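None of the values given here were measured: they were computed from a predicted structure.
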Amino acid sequence: MRLTVRYFAGARAAVGVSEESFELPGDAATVQAAIEAVRSRHGAKAARVLPACSYLLDGVAVRDHDTAVCSGAQLDVLPPFAGG
């Protein structure tokens with residue numbers, strides 16, 4: 001199943017791209033599987049940033065990383081933002 005991941009701010013800096021699409025195995029299609037795939041694809045810098053990030057799946061906040069991901073979905077990776 002195909003997933004598009006968009007990265008913002010520090011997450012974009014850590015992975016070096018603003019957006020990418022890749023395949024996840026259908027039997028492991030969860031937000032957690034997507035996070036692991038990003039970590040695997042982008043290494044140590046991504047591994048440091050990802051645990052602090054929030055995630056939106058098709059525009060909806062995801063707190064349960066076992067949430068299923070459907071083919072064609074979009075996952076946004078949002079690091080903590082500073083400011084007020």
Side-chain angles (χ1 to χ4, degrees):
M1 73 117 246
R2 192 126 188 105
L3 173 69
T4 298
V5 182
R6 298 188 313 168
Y7 305 98
F8 295 87
R12 179 177 42 225
V15 301
V17 298
S18 60
E19 182 176 302
E20 66 182 331
S21 294
F22 54 83
E23 296 289 328
L24 283 177
D27 61 342
T30 64
V31 171
Q32 185 62 41
I35 294 168
E36 292 299 323
V38 169
R39 185 177 291 128
S40 174
R41 294 167 69 87
H42 296 288
K45 283 180 93 175
R48 283 191 297 275
V49 171
L50 293 172
C53 289
S54 298
Y55 300 90
L56 299 177
L57 182 60
D58 291 331
V60 177
V62 175
R63 306 222 189 291
D64 180 2
H65 292 179
D66 290 329
T67 300
V69 175
C70 297
S71 188
Q74 179 175 286
L75 183 69
D76 293 335
V77 182
L78 307 166
F81 292 95

Say you draw a straight line from [atom1] of [X] to [atom2] of [Y]; how long is it, rounded to the nearest 0.5 Å?
X	Y	atom1	atom2	answer
Cys70	Leu57	SG	CG	7.5 Å
Ser40	Phe22	OG	CZ	9.5 Å
Phe8	Ser18	CZ	OG	8.5 Å

Closest approach of [X] and [Y], non-hydrogen atoms and distance?
X	Y	value
Ser71	Met1	N-SD, 3.4 Å
Leu75	Ala34	CD2-CB, 3.9 Å
Leu3	Ala73	CD1-O, 3.4 Å
Pro79	Ala9	CG-CB, 3.9 Å

Query raised in the report: Among pairs that include at least one residue of residues 41-61, which meet ring pair (Phe, Tyr, Trp, His ring centres under 6.0 Å), considering only residues two or more places apart or in two chains?
Result: Tyr55-His65
Query raised in the report: Is any side-chain heavy atom of Leu78 less than 4.5 Å from a side-chain heavy atom of Leu56?
Result: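 Contact flag for Leu78/Leu56 side chains = yes.
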Query raised in the report: Taking the side chain as C-beta and beyond, is there a heavy-atom pair between Val69 and Val31 under 4.5 Å?
Result: yes
Query - Sole candidate of Leu50, Val38, Ile35, Val49 that passes side-chain contact (heavy atoms from CB on, under 4.5 Å) when paired with Val77 - result: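 That would be Leu50.
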Query raised in the report: Residues two or more places apart in sequence or in another chain: which of them pass side-chain contact (heavy atoms from CB on, under 4.5 Å) with Ala13?
Result: none
Query - Partners passing salt bridge (charged side-chain N to carboxylate O under 4.0 Å, His left out) against Arg6 (at least two apart in sequence or in another chain) - result: Asp76
Query raised in the report: Which pairs, with at least one residue in residues 39-64 and sequence neighbours excluded, count as a salt bridge (charged side-chain N to carboxylate O under 4.0 Å, His left out)?
Result: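 Applying salt bridge (charged side-chain N to carboxylate O under 4.0 Å, His left out) to every pair that reaches into residues 39-64, excluding sequence neighbours, yields Glu20-Arg41, Glu36-Arg39.
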Report task. Under the side chain to side chain donor-acceptor pair (under 3.5 Å) rule, collect the residues that match up with Arg2, sequence neighbours excluded. Result ->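 Partners of Arg2 by the side chain to side chain donor-acceptor pair (under 3.5 Å) criterion, ordered by chain and then number, come out as Glu23.
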Report task. Under the side chain to side chain donor-acceptor pair (under 3.5 Å) rule, collect the residues that match up with Ser21, sequence neighbours excluded. Result -> Thr4
